[in-house]
Amino acid sequence: MQKKMYITTPIYYVNDVPHIGHAYTTIIADSAARFFRLRGYDTFFLTGTDEHGQKIEQSAKAKGKTPKEYADEISAKFKELWDYFDISYDKFIRTTDKEHIIGVQKAFEIMYERGDIYKGTYEGHYCISCEAFFPESQLIEGEFCPDCGKVTTIVKEESYFFRLSKYQEDLLKWYEEADPILPKSKKNEVIRFVEAGLNDLSITRTSFDWGIKLPKSINDPKHVMYVWLDALLNYITALGYGTDEKLMHYWPADYHLVGKDILRFHAIYWPAFLMSLGLPLPKHIAAHGWWTRNGEKMSKSKGNVVDPKKVADAYGLENFRYFLLREVPFGQDGDFSQRALIDRINSDLSNDLGNLLNRIIGMSGKYFDYEIKSSDLEKYHKKEIEEIKNITQSLEKYIYDMKFNRYLEELWKTLSIANRSIDFYAPWSKMKEGKTDEAMATISLVANILAKCAILLYPIMPKTSSKIADALDFEINQESFEKYIENFEYLNNFTIKKIPPLFPKIEEPLMQETKKEPKKEAKKETKEEKGLISIDDFLKVEIKVGTILEAVEVPKSKKLLKIMVDLGEEKPRQIVAGIKEYYNPQDLIDMQVCVVANLKPAKLMGILSEGMILAAKDEDGLTLISPQKRKKPGTLVK
Ligand code: MSP
């Protein structure tokens with residue numbers, strides 16, 4: 001039986017037009033889907049729009065439209081862009097689709113009947129921008145959202161709750177046993193969050209209307225569903241869950257691609273909902289990093305949002321795809337600049353790949369009238385062939401881990417072998433010496449490397465790779481993958497075609513800047529310097545010696561102590577520190593510690609904390625950092 005593959009993007013909120021972040025997720029998913037199709041998987045690729053919730057209702061109102069009119073308009077913009085970008089999705093779902101609404105109500109009913117949903121009252125803080133609830137202890141300064149920094153609103157309403165707490169242990173077991181979170185480094189983050197304790201989740205609202213109503217059987221018309229419950233269920237309703245179920249054989253998802261900001265919803269809420277529904281859990285949840293602009297978060301107010309259509313129009317869609325996937329390691333943030341994009345195009349695409357193709361077209365025409373034979377390849381190029389084989393046959397694993405940058409980096413090694421071989425074996429000299437067979441073998445080696453490279457590059461640059469294949473007289477499809485990559489056969493007796501250069505060099509930025517980019521001649525950060533801070537940055541942090549005057553336990557907290565520290569100021573500072581597991585409060589009295597003194601105050605479990613006490617922690621436990629000799633309270637640590 002043919003193996004199946006189900007890949008999803010998040011469904012995008014329709015409160016804003018598509019930007020580079022949306023394009024990034026979608027292009028990763030598209031490249032993966034194209035790769036799996038090329039490998040013969042029966043692949044289903046889903047994308048779409050998330051159209052309910054308070055945020056959309058408010059944005060529509062601000063534009064003088066009904067939420068549905070507004071959603072129709074923006075959803076169409078996403079679909080148009082993905083079509084323009086030739087995104088190979090199999091279905092574009094909208095959460096206002098009738099089938100989705102029926103499926104969501106069905107799921108609610110099942111979870112309710114199972115006893116996983118109960119009615120209560122919600123009282124707490126809600127961030128409309130993130131459409132998420134937060135306990136007071138997590139808020140910044142008792143008021144602001146810890147994710148986006150916007151002000152939260154206090155909500156007190158009757159609400160249905162999902163018994164998320166019931167699934168805590170099963171979730172933890174799942175993270176360990178199935179290891180579904182990519183990149184692996186994000187796994188611990190999720191585990192820590194779950195271990196800290198899960199509260200039941202409020203999943204209905206009564207203070208606005210724009211959402212899916214509860215199933216008729218529950219008969220409570222003033223409630224609409226929480227937008228994340230509605231949205232996450234899209235991954236199964238798109239397959240017909242609750243309606244015709246025709247495509248449910250694709251479930252479970254193999255890859256849910258998401259940005260790091262929405263990993264929590266996908267790695268905690270979603271599997272818990274699925275457990276409640278008795279459905280299998282996704283195989284992977286892959287979280288990518290964020291694109292910034294000159295190191296800053298993109299936002300409409302800053303006017304620094306990158307429009308992906310403009311970039312693709314100026315630099316070429318496939319060049320842009322290559323850049324997005326090559327530039328940053330999966331999971332890490334990346335900075336978009338025209339300079340970085342131009343560098344990639346000129347060096348990787350134009351120099352390494354384009355010039356190589358041009359040289360091979362030129363030499364094959366000049367020496368062999370474009371007719372190439374691969375019969376003497378192994379005789380003259382055994383070593384190079386071995387190297388190429390090792391690289392091309394070990395690339396696939398990077399895609400299964402969504403490490404496209406590593407995949408491309410490795411693939412490019414085949415191009416350096418090809419470029420090196422031309423220079424080293426110099427077919428022009430061989431021709432002069434009458435060693436025609438040897439010259440032919442080298443040209444054939446390089447043409448074969450280019451052919452293999454084109455096949456492997458196809459998922460990321462489908463049109464460009466097809467042009468290379470066309471110049472080399474073959475087609476890229478499942479069969480050619482098997483033949484030239486898996487079985488490592490060579491193109492034989494083929495005719496090279498002359499084609500115009502694929503990647504003209506770019507001298508100057510092609511788009512007008514809305515905001516200034518750093519100057520071209522500005523010194524580039526070297527690899528070693530990345531992640532380092534300047535002395536000025538360090539000096540911004542004010543660390544002072546303090547003497548502990550008082551320490552007491554914070555009621556109901558497993559970890560926190562409330563500590564009063566003398567920093568040589570008018571009155572002692574109150575600091576809340578998570579050290580209860582390691583220190584008895586009485587033992588701390590009179591101890592000297594180092595305190596970050598210019599930290600913005602924050603509230604932890606409702607208690608104001610005016611600084612941070614420094615500590616070191618390893619397998620052996622935690623220890624506070626004290627000066628070696630007693631110092632006056634308030635002495636600066638430098
Ligand atoms: N509607 C929810 C997802 C529901 S999925 C069941 C949502 N939508 S969103 O439109 O706000 O964001 C969609 C995706 O875009 C997220 O994965 C997010 O991480 C990504 N990005 C938004 N801005 C981004 C960057 N600047 N850079 C990279 N991706 C970012 O969340």
Side-chain angles (χ1 to χ4, degrees), residues 7-29 46-56 59 71 74-75 77-79 81-82 92-96 100 103-104 107 127-132 145 147-148 150 182 186 210-212 225-238 253 255-271 273-274 282 285-300 302 304-308 311 323-325 327-337 402:
I7 302 177
T8 69
T9 72
I11 46 173
Y12 303 110
Y13 283 132
V14 291
N15 67 322
D16 203 359
V17 291
H19 60 68
I20 189 174
H22 304 127
Y24 182 50
T25 327
T26 310
I27 287 170
I28 300 175
L46 175 72
T47 188
T49 42
D50 188 355
E51 307 186 8
H52 291 124
Q54 203 168 358
K55 179 158 68 171
I56 312 292
S59 303
I74 310 278
S75 175
K77 289 204 168 128
F78 274 96
K79 191 156 185 292
L81 184 69
W82 301 154
F92 186 100
I93 192 172
R94 299 184 53 187
T95 52
T96 48
H100 172 75
V104 169
C127 172
I128 298 174
S129 181
C130 297
E131 297 279 18
C145 170
D147 280 358
C148 72
K150 292 192 184 134
L182 294 174
K186 293 259 191 289
W210 183 236
I212 299 184
M225 282 186 221
Y226 172 42
V227 62
W228 271 101
L229 172 64
D230 162 356
L232 288 161
L233 286 163
N234 95 89
Y235 299 130
I236 52 174
T237 61
Y255 291 92
H256 284 313
L257 272 150
V258 299
K260 61 179 186 181
D261 53 318
I262 56 172
L263 175 61
R264 186 162 33 108
F265 298 94
H266 283 80
I268 302 174
Y269 299 175
W270 179 225
F273 296 156
L274 286 165
I285 298 163
H288 63 69
W290 271 48
W291 284 93
T292 54
R293 195 81 177 88
N294 300 326
E296 284 181 22
K297 201 170 164 181
M298 285 181 224
S299 77
K300 267 197 272 181
K302 282 189 206 140
N304 63 352
V305 178
V306 178
D307 176 351
V311 183
F323 169 78
L324 288 176
L325 297 192
E327 192 68 5
V328 279
F330 188 75
Q332 289 183 25
D333 292 347
D335 198 55
F336 178 85
S337 73
M402 293 292 126

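Throughout, numbering of the chain's residues begins at 1 and tracks the sequence. Just follow the structure's listing: the first ligand is 1, and inside any ligand the first atom is 1. Hydrogens, waters and symmetry mates play no part in the numbers below; they use all other heavy atoms, side chains included.
Just one of Phe265, Trp270, Phe273 meets the ring pair (Phe, Tyr, Trp, His ring centres under 6.0 Å) condition when paired with Trp228; it is Phe265.
Lys260 contributes no side-chain N or O that, together with a main-chain N or O of Trp290, makes up a donor-acceptor pair within less than 3.5 Å. Listed for the Asn234 side chain is no donor-acceptor partner under 3.5 Å among the backbone atoms of Asp50. With hydrogens and angles ignored, the 3.5 Å screen pairs a side-chain donor or acceptor of Glu131 with a backbone N or O of Gln54. With hydrogens and angles disregarded, a donor-acceptor distance shorter than 3.5 Å links the side chain of Thr95 to the backbone of Glu51. A donor-acceptor contact shorter than 3.5 Å links the side chain of Arg293 to the backbone of Phe336.
Around atom 17 (O) of ligand 1, the closest heavy atom drawn from Gly53, Gly259, Cys130 belongs to Gly259. Between the choices Leu232, Thr49, Asp261, the shortest heavy-atom distance to atom 18 (C) of ligand 1 belongs to Asp261. The heavy atom nearest to atom 1 (N) of ligand 1, considering only Asp50, Asn15, Leu324, is found in Asp50. Of the listed options Tyr235, Phe78, Tyr12, Tyr235 places a heavy atom closest to atom 5 (S) of ligand 1.
Side chains of Asp335 and Thr292: a donor on one and an acceptor on the other come within 3.5 Å.
Side-chain contact between His100 and Asp230 is present, with at least one heavy-atom pair separated by less than 4.5 Å.
Neither the backbone nor the side chain of Phe265 has any atom closer than 4.0 Å to an atom of ligand 1 (non-hydrogen atoms only). At a heavy-atom distance under 4.0 Å, only side-chain atoms of His19, from C-beta outward, approach ligand 1.
Among protein heavy atoms, the minimum distance from atom 11 (O) of ligand 1 is reached at Tyr13 CD1, 3.3 Å. Closest to atom 28 (C) of ligand 1, if we only count protein heavy atoms, is Gly21 CA, 3.4 Å. Among protein heavy atoms, the minimum distance from atom 16 (C) of ligand 1 is reached at Ile262 CD1, 3.8 Å. For atom 27 (N) of ligand 1, the closest non-hydrogen atom on the protein side is Trp291 N, 2.9 Å.
In this structure, Glu131 has no heavy atom closer than 4.0 Å to ligand 1.
Ionic pairing of Asp16 and Lys77 is not present here: no N-O contact between side-chain nitrogen and carboxylate oxygen is shorter than 4.0 angstrom.
If you number the atoms of ligand 1 from 1 as listed, the ones under 4.0 Å from a heavy atom of Gly289 come out as 28 (C). The distance from ligand 1 to the heavy atoms of His288 drops below 4.0 Å at these ligand atoms: 28 (C), 29 (N). Taking a cut-off of under 4.0 Å to the non-hydrogen atoms of Pro10, the atoms of ligand 1 that pass are 3 (C), 5 (S), 17 (O). Taking every heavy atom of His266 and a limit of under 4.0 angstrom, the matching atoms of ligand 1 come to 5 (S), 6 (C). Which parts of ligand 1 touch Ala231 is read off a 4.0 Å heavy-atom cut-off, strictly below it: atoms 6 (C).
Any N or O atom pair closer than 3.5 Å counts here, and Ile11 shares at least one such pair with ligand 1. An N or O contact shorter than 3.5 Å links His22 to ligand 1 by distance. Annotation: Asn234 places no N or O atom under 3.5 Å from an N or O atom of ligand 1; distance criterion only.
No close placement of the Trp82 and Phe92 rings is indicated, their centers lying 6.0 Å or farther apart. Checked against a 6.0 Å centroid threshold, the rings of His266 and Tyr235 count as neighbours.
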Item to check | Verdict with reasoning, Ile74 to Asn15, per side-chain contact (heavy atoms from CB on, under 4.5 Å) | outcome: CA-CA 7 Å; Ile74 310 278; Asn15 67 322; over 6 Å; no
